[in-house]
Protein chains: 2
Amino acid sequence: MMCPMARSPGAELALLLLGGFQSMVDEVHGELASRGHEGVRASHEFALRAIDEGADTATELGRSLSVSKQAAAKVIVALERLGYVEREPDPTDARLKRLHVTARGHDMMAQGAALFTEVRNRWAAQIGAEQLDALEAHLTRLTRNRSARTKDLAAGLDEDLGNAV
Amino acid sequence: MMCPMARSPGAELALLLLGGFQSMVDEVHGELASRGHEGVRASHEFALRAIDEGADTATELGRSLSVSKQAAAKVIVALERLGYVEREPDPTDARLKRLHVTARGHDMMAQGAALFTEVRNRWAAQIGAEQLDALEAHLTRLTRNRSARTKDLAAGLDEDLGNAV
DNA sequence: CGTAGATTGACAACCAGGTTGTCGATCAGA
DNA sequence: TCTGATCGACAACCTGGTTGTCAATCTACG
């Protein structure tokens with residue numbers, strides 16, 4: 001009763017993976033908040049990175065996040081409100097509103113990346129760098145098939161990616 | 001643009017962990033659906049297990065899931081609708097409605113556990129059993145502190161556990 | 001040209017899964 | 001017996017996603 005989900009090694013592994021993810025994210029967001037970036041969600045970080053890497057319209061962002069353009073639009077207004085992106089009309093295509101990451105946005109991205117990597121380094125120190133590399137290599141291999149599947153669909157929507165716990 | 005979230009090894013690790021979890025869950029639920037258990041969510045499996053392990057009232061379930069009793073009540077009606085639990089008034093305490101897992105519920109639990117373990121075995125076959133054991137041991141260690149923290153709060157609510165992705 | 005079809009971003013409605021607050025019914029202890 | 005705690009239900013709300021629809025705009029073809 002005190003130990004959640006024993007009994008199935010498989011389920012336990014799944015929980016462990018989820019727990020690891022949440023552990024990292026909590027850690028990073030806590031530190032991020034105390035460095036002037038409060039209210040940041042993991043999805044904000046990932047969306048901001050996607051924008052910075054070229055997904056500079058709502059529809060494009062939705063595509064690269066494998067999410068509807070409406071959902072992408074919602075995170076854009078959040079990012080805008082937080083001061084991480086700005087939106088301005090495209091001079092050559094009046095339908096588009098071009099996105100660009102602000103200085104504050106870049107600061108958040110840099111700090112987030114550094115914090116994630118810091119957590120990763122702490123893990124590496126605990127279990128050994130080559131062990132952590134091995135762990136990553138394994139996870140990459142183990143999820144490659146599915147990633148490929150999901151990526152192929154591109155704007156795929158019959159995958160229920162939002163069903164995590 | 002095609003490769004999501006490069007640039008930060010730490011963020012990549014986090015994504016890898018999340019991807020691993022989702023990969024397992026998707027796999028299991030797909031198979032579960034094709035075996036007569038459609039509409040099952042990960043939360044259903046975990047809640048059902050908690051109920052079976054003794055959390056046989058709504059409030060108790062909420063406690064053992066670290067969630068409000070109202071949220072627990074919602075998953076209970078879902079489980080009831082799916083035929084996995086039944087609810088009947090407690091003869092000795094008229095406030096309580098005692099929960100019990102149905103035969104169908106036990107079947108789902110068994111199949112779910114078996115499928116999770118099957119996925120885990122496939123992973124073990126791919127990366128080696130002792131490597132997988134090592135991976136689990138590492139994740140356990142790496143998340144132990146946080147788990148302990150979270151567990152201590154018990155009905156804690158200042159942790160934003162729902163912030164995954 | 002001009003028009004038919006795609007595409008873009010906005011809006012509304014909805015759903016799932018959480019939250020809080022409140023409430024009546026019930027139990028339990030002083 | 002009364003007072004306080006607990007239980008389950010209900011309502012309202014938030015978040016992050018979905019679909020459907022729409023006017024505006026581009027684009028390619030006749």
Side-chain angles (χ1 to χ4, degrees), chain A residues 18 22 25 29 39-47 51 55-82 85-99 153-165, chain B residues 18 22 25 29 38-47 51 55-82 85-99 153 155-165:
Chain A
L18 180 60
Q22 290 184 328
V25 169
H29 284 190
V40 176
R41 299 299 188 91
S43 57
H44 295 162
E45 290 198 62
F46 300 152
I51 293 170
D56 63 348
T57 67
T59 297
E60 192 60 33
L61 179 62
R63 254 196 285 271
S64 88
L65 255 36
S66 298
V67 108
S68 68
K69 60 182 179 178
Q70 292 88 338
K74 288 192 184 179
V75 339
I76 290 172
V77 319
L79 290 175
E80 211 176 6
R81 191 170 33 79
L82 290 168
V85 302
E86 279 169 4
R87 208 170 5 168
E88 46 197 345
D90 183 303
T92 78
D93 188 337
R95 295 171 305 175
L96 275 51
K97 297 215 181 141
R98 229 90 224 191
L99 302 168
L153 305 175
L157 27 74
D158 57 359
E159 287 279 343
D160 50 349
L161 298 180
N163 285 359
V165 72
Chain B
L18 181 60
Q22 289 184 329
V25 169
H29 285 189
E38 302 182 25
V40 176
R41 300 297 188 96
S43 58
H44 295 161
E45 289 197 64
F46 300 152
I51 293 169
D56 63 348
T57 67
T59 297
E60 192 60 33
L61 179 61
R63 255 195 285 270
S64 88
L65 256 37
S66 298
V67 107
S68 68
K69 60 182 179 179
Q70 292 88 339
K74 288 192 184 179
V75 338
I76 290 172
V77 319
L79 290 175
E80 210 176 6
R81 192 172 32 80
L82 289 167
V85 302
E86 279 169 2
R87 209 170 5 168
E88 47 196 344
D90 184 303
T92 78
D93 187 338
R95 295 171 304 176
L96 275 51
K97 297 217 181 141
R98 227 92 221 193
L99 302 167
L153 305 175
L157 26 74
D158 57 359
E159 285 280 342
D160 52 349
L161 297 180
N163 285 358
V165 73

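Remember, predicted model here, so these are calculated numbers, not experimental data. Residue numbers begin at 1 in each chain, while the letters A, B, ... track the order of the sequences.
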Can you check nucleotides 6-10 of chain C for protein contacts, nitrogen or oxygen pairs under 3.5 Å, and list what you find?
from	atom 1	to	atom 2	distance (Å)
C:dT7	O2	A:Arg95	NH1	2.8
C:dG9	OP2	A:Thr59	N	2.8
C:dG9	OP2	A:Thr59	OG1	2.7
C:dG9	N7	A:Lys69	NZ	2.8
C:dG9	O6	A:Lys69	NZ	2.9
C:dA10	OP1	A:Lys97	NZ	2.6
C:dA10	OP2	A:Arg87	NH1	3.1

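- With B:Leu79 as the fixed residue, the side-chain contact (heavy atoms from CB on, under 4.5 Å) test singles out one of B:Arg87, B:Glu86, B:His44: B:His44.
- When each of D:dT15, D:dT18, C:dT19 is scored by its nearest atom to the side-chain atoms of B:Ser68, the top-ranked nucleotide is C:dT19.
- Closest of all the heavy-atom pairs between A:Gly39 and A:Leu82 is O-CD1, 4.0 Å.
- Between the CD atom of B:Glu80 and the P atom of D:dG8 there is a distance of 13 Å, given to the nearest Å.
- Taking atom CG of residue A:Asp90 and atom C1' of nucleotide D:dT27, one finds them 15 Å apart after rounding to whole Å.
- A heavy-atom distance below 4.5 Å is found between the side chains of B:Val75 and B:Leu61.
- The two atoms that bring A:His29 and A:Val40 nearest to each other are ND1-O, 3.2 Å, heavy atoms only.
- A side-chain hydrogen bond (donor to acceptor under 3.5 Å, both in side chains) with B:Arg98 holds for exactly one of B:Thr92, B:Asp56, B:Thr57; it is B:Asp56.
- Atom pair B:Leu79:CG and C:dA16:C1' shows a separation of 14 Å (rounding to whole Å applied).
- Rounded to whole angstrom, the span from the CG atom of A:Leu82 across to the P atom of D:dT15 amounts to 12 Å.
- Nearest-nucleotide assignment on DNA chain D puts the 5′-proximal partner with A:Lys74, out of A:Lys74 and A:Ala94.
- For the pair B:Leu65 CG and C:dG17 C1', the computed distance is 12 Å after rounding to whole Å.
- Applying the side-chain hydrogen bond (donor to acceptor under 3.5 Å, both in side chains) criterion to B:Arg95, with sequence neighbours excluded, gives B:Asp93.
- Residue B:Leu61 contributes atom CG, which lies 13 Å from atom P of D:dA9 at whole-angstrom precision.
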